[in-house]
Structure formats: C-alpha cells, structure tokens
Amino acid sequence: MTTLDQPTVAAPTPAAGRDRPVRRELGVANTLSHGFLLIWGLLTVLPLLWMFLSSFKTNGEILADPWGLPSALHWDNWARAWTGAHIGRYFLNSLVVVTGSVSLTMLMGATAAYVFARYEFRGRQIVYYLFVGGLMFPVFLALVPLFFVVRNAGLFNTWVGLILVYAAYSLPFTVFFLTAFFRTLPTSVAEAAMVDGCGHFRLFFRVMLPMARPGMISVAIFNFLSHWNQFLLPQVLMQGDESKWMLAQGLFALSVSQGYAGDYARLFAGLSIAVLPVLAIYVAFQRQVQTGLTAGQLK
C-alpha cells in the first residue's frame, strides 16, 4: 500500500522544465533562419524586379530616376530587343540546342545510371568513379583541346557539336544524381516485372523510368538551367556566323553595343526575355523538383 500511495504525477515536472530552454533555442534558430531566408529572397527578387521594371522605361527615365516606376509600359523596348537586336533569333537557337542537349543528356545519363545502380559487373565501380570524376574538372581547363577536337571532327560552329559538348559536360552530374535515385526504387517491382516476362529494355523504359520521374525532372531542370546560361562554350565553339549564336552570346554583344549607344531600355528588355523561360520552368515544376530532391531521403 505504501508504494501505491506515493505520488506519480510529479515526475513529468522536471522534464517539462528541461523542455523550455530547448523550445526557446529552437524558436531563436527558426527566427534567425527565417530572417536569413527573407534577406536572401529580397536580394534575389529585387534585382530581377528592377530589371523588369527598367525594361518598360524609356532611356531618359532610366537615367533620371533609375529606382522609380515607369510612367507607361513601353512594350516597344521588347519589340526592338526581339527584332532589332536579334534576341528572337538567338532565343530560338538556344531553345533548339538546349532541347537537344538536355534530351541527349537525360537519355544517356539515365541508361548509364540505371546500369550502375541495378547491375553487377566487373569494373563497375571503376567506370562509375570515372564518370563522377568529371565533376572535378572545370570547363575552362579543357577549352583548348576541346576546340581542336571539335574542329578536327568537322563540328566547329555547328549546333550538333555544341549539343554533344553540352551533353558530355552534363553527364557526370546526371549519372551521379540518378544512380543514387535508381538505388532507392523498390527491387520487388523489377523482380515482379522480370517474372512476368519483361525484358531488360522493356523493364527500363516501361517500369523503372516512369518510377524515376521525379528525379528525372529535377536533373533535367538543373541541366536546362546550366545549358541555357552557358556562355563560355558557345563563345569558343560558335564563332563567326552570328546567325547561329546562342542567347548568352547575343546578350553579351548587346550589352557591349548598348553601353556605347545608350539604349539601356533595349538591353534590359533583352535580359528580361532571357530570364523569363527560367522563371517559367521553375514555377511550373517547383513541386517536382522538391519531390525529386527529397524522394531518396523519404525512402
């Protein structure tokens, strides 16, 4: 009876007291992290917003009141950038090249990553590390030999050569990311498909590839951003013929020419045209990107 009469409700009190400092520390950490994210968001959004607003101003308004709002929406700045500065032509060129390079990168990278993740063969780790080792080499270290290789292959100043180079430099990251993602997929599904008579190629394209859709979308978006913003490779491999230039080359030429001409409104309009596809893709696929980055951890 003495043991039953002892109080049992006082035990949680010390634990509750110990939880208060922890909760207070977590609250301070959350406040600091949210404050940092807010400052980072403002530093990212405000320059883009200023660029878009400046693209609708006149040159006089940009020089007289660079931080003010435009008096009217001057869409003619965008028209002059699209036609007069040939931004439209460079935009379409980049769209064709980036579409081809991303498609080739995802096809080759997904097949290689699937083999590394699902099949055992001699030298698998060595070949895998050779792929991943490509992440350690910056692009500018291989510009001189790459120039001669592309020229000797007859692909200099061609879109095909640029597509192949883009795909080659994107394969290490694609293989590294997708290999880890394919390892998280359930093996039981693949075994069941093989028992039902599914071959290796059909298993990959009909079963495993659709299951890896979140990771595929995430890597494809990263590759698209990398290829779309690429300037160094087109500047070296696409020389002479301006009709084949990429968008980054056209914007560079526009910034140099408008720096002397003073047509800053057309320059801001051209920059806004280049940024719009990136923003549109991020807004459209942000959920898929988050799902692809967290799918491996959740499984």
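Atoms considered below: every heavy atom in the structure, side chains included; atoms not considered: hydrogens, waters and symmetry mates.
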Query raised in the report: Between Lys57 and Leu63, is there a donor-acceptor pair closer than 3.5 Å when you use the side chain of the first and the backbone of the second?
Result: no
Report summary line: Interatomic distance, CG@Leu162 vs CG@Leu155, rounded to 0.5 Å, equals 10.5 Å
Requested in this report: May I ask you to test the Val97-His227 pair for a side-chain heavy-atom distance under 4.5 Å?
Outcome: no
Query raised in the report: Hey, is the main chain of Val96 close enough, under 3.5 Å, to the side chain of Thr99 for a donor-acceptor pair?
Result: no
**Report entry** Test side-chain hydrogen bond (donor to acceptor under 3.5 Å, both in side chains) applied to Arg124 - qualifying residues, sequence neighbours left out
**Finding:** Glu120
Query raised in the report: Is there a side-chain contact between Met246 and Gln235 (heavy atoms, below 4.5 Å)?
Result: no
Query raised in the report: Among Phe91, Tyr282, Phe222, which one satisfies ring-ring contact (aromatic ring centres under 6.0 Å, His included) with Trp228?
Result: Phe91
Report summary line: The remaining residues in the hydrophobic cluster of Ile39, counting side-chain heavy-atom contacts under 4.5 Å among Ile, Leu, Val, Met, Phe, Trp and Tyr, are Leu43
Report summary line: So CZ of Arg266 and CG of Asn77: to nearest 0.5 Å the spacing works out to 9.5 Å
Report task. Could you tell me if the ring centre of Phe131 sits under 6.0 Å from that of Phe116? Result -> yes
Query raised in the report: Nearest 0.5 Å, what's the CZ-CG distance between Phe147 and Leu233?
Result: 13.0 Å
Query raised in the report: Would you say the side-chain atoms of Trp245 pair up with the backbone N or O of Pro234, donor to acceptor, closer than 3.5 Å?
Result: no
Query raised in the report: Are the side chains of Ile87 and Leu247 in touch, meaning some heavy atoms are under 4.5 Å apart?
Result: yes
Query raised in the report: Do any N or O atoms from the side chain of Thr184 and from the backbone of Phe181 form a donor-acceptor pair under 3.5 angstrom?
Result: yes
Query raised in the report: Are more than 12 heavy atoms from other residues, nucleotides or ligands located less than 6.0 Å from atom CZ of Arg202?
Result: no
Query - Euclidean distance, Leu185 CG relative to Met208 CE, rounded to 0.5 Å - result: 4.5 Å
Query raised in the report: Would Ser55 and Trp78 count as having a side-chain donor-acceptor pair, cut-off 3.5 Å?
Result: yes
Requested in this report: Using modelled atom types only, decide if a donor and an acceptor are shared between the side chain of Gln230 and the backbone of Leu232 within a distance under 3.5 Å.
Outcome: yes
Query raised in the report: Counting distance only, does the side-chain N/O of Ser103 pair as donor-acceptor with the main-chain N or O of Gly100 below 3.5 Å?
Result: no
Query - Side chain to side chain, Leu271 and Leu254, heavy atoms closer than 4.5 Å - result: no
Query - Close aromatic pair by centroid cut-off 6.0 Å: Tyr114 and Tyr119 - result: yes
**Report entry** Whether Glu242 side chain and His86 backbone form a donor-acceptor pair below 3.5 Å
**Finding:** no
